[in-house]
Amino acid sequence: MTQQLQDEALDLIFRKARTHNVWLDKPVPDDLLRQVYDLMKWGPTSANCSPARILFLRTPAAKQRLAPALSPTNLDKTMKAPVTAVIAYDQKFYDNLPRLFPHNQAARGWFANNAALAETTAFRNGTLQGAYFIIAARSVGLDCGPMSGFDNAKVDAEFFPPSAGPSASPESQWKSNFLCNLGYGDASTLFPRSPRLDFDEACRLL
Ligand SMILES: Cc1cc2nc3c(=O)[nH]c(=O)nc-3n(C[C@H](O)[C@H](O)[C@H](O)COP(=O)(O)O)c2cc1C
């Protein structure tokens with residue numbers, strides 16, 4: 001059997017998938033959000049470090065907390081989206097490595113003892129997982145509207161405030177990367193798709 005996605009699936013996740021700004025009045029069940037995570041988590045990360053963390057904002061009250069951090073052009077569409085995901089990463093991701101990378105118990109130390117490597121690794125792999133998130137969401141029929149037009153520091157202060165001591169919350173170690181609106185987009189409002197670079201412009205074969 002040929003192990004390859006059919007055209008319909010490739011269209012769904014790539015060729016016909018668009019970035020959406022206008023949302024139909026159709027809710028997104030929590031179960032679908034769980035399905036998205038349970039797909040995206042299988043995407044590869046270095047040393048299986050899995051640093052991405054996702055905060056799903058589903059209620060008007062939660063969205064209102066996000067509003068002051070949004071750039072003006074992202075405000076209205078985000079307030080109207082059924083769900084906004086804050087794609088974040090855990091700065092202390094390495095504490096999970098003894099469980100996630102069990103065959104090398106030294107792995108935690110690579111990062112715990114090197115803050116710069118930990119940050120680069122968290123951001124790189126957290127961003128990759130953000131891309132897996134978009135593909136996973138499209139795979140279960142959701143539309144996405146990713147956004148970087150917001151104030152990360154404001155989001156972090158609002159949703160991931162510092163806490164310390166024995167009762168410190170894990171979220172206090174999270175940092176926002178980008179946002180992604182989720183729902184069912186109104187395709188009638190899309191503008192014509194912008195081109196992409198051709199293979200010969202973006203790739204080299206050596
Ligand atoms: C990481 C990221 C950040 C983005 N930030 C914004 C944003 O702040 N505001 C916005 O309107 N669109 C934003 N976009 C949407 C892009 O402009 C859009 O995905 C791109 O033009 C491709 O559009 P298409 O998927 O319809 O082909 C962002 C997309 C990505 C992946």
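Hydrogens, waters and symmetry mates play no part in the numbers below; they use all other heavy atoms, side chains included. In listed order, ligands and their atoms are each counted from 1.
- Hydrophobic cluster membership is shared by L55 and V155, with clusters built from Ile, Leu, Val, Met, Phe, Trp and Tyr side chains linked at under 4.5 angstrom.
- Those atoms of ligand 1 with a heavy atom of N74 less than 4.0 angstrom away are 7 (C), 8 (O), 9 (N), 10 (C), 11 (O).
- Annotation: atom 5 (N) of ligand 1 to nearest protein heavy atom, S148 N, 2.8 Å.
- Ligand 1 places these atoms under 4.0 Å from at least one heavy atom of R196: 22 (C), 24 (P), 25 (O), 27 (O).
- Residue K77 holds the heavy atom nearest to atom 11 (O) of ligand 1 of all those in H20, R15, M147, K77.
- Between the Q105 side chain and the P98 main chain, a donor and an acceptor come within less than 3.5 Å of each other.
- Residue, atom and distance of the protein heavy atom nearest to atom 25 (O) of ligand 1 are T19 OG1, 2.7 Å.
- Protein non-hydrogen atoms do reach within 4.0 Å of atom 23 (O) of ligand 1.
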Item to complete: Begin with the C-alpha distance, continue with both residues' side-chain angles, and end with the deciding distance and a verdict on salt bridge (Lys or Arg N to Asp or Glu O under 4.0 Å) for D38 and R34.
Response: CA-CA 6 Å; D38 282 336; R34 291 179 181 277; over 6 Å; no

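- Under 4.0 angstrom from ligand 1, there are no non-hydrogen atoms of I134.
- Looking at R18 next to ligand 1, an N or O pair under 3.5 Å apart turns up.
- Within the 4.0 Å cut-off (strictly below), no protein heavy atom is located near atom 16 (C) of ligand 1.
- Side-chain contact check for Q35 and D31: at least one donor-acceptor pair (N or O, by modelled atom type) lies under 3.5 Å.
- For the pair R18 and F191, the distance from NZ or CZ to the six-membered ring centre is under 6.0 Å and the angle to the ring normal is within 45 degrees.
- The aromatic rings of W110 and F101 stand perpendicular to each other, their planes meeting at an angle above 60°, with 30° marking the opposite boundary.
- Under 3.5 Å, the side chains of T189 and N21 contain no donor-acceptor pair of N or O atoms.
- Checking G149, P146, A17 against atom 31 (C) of ligand 1, the nearest heavy atom belongs to P146.
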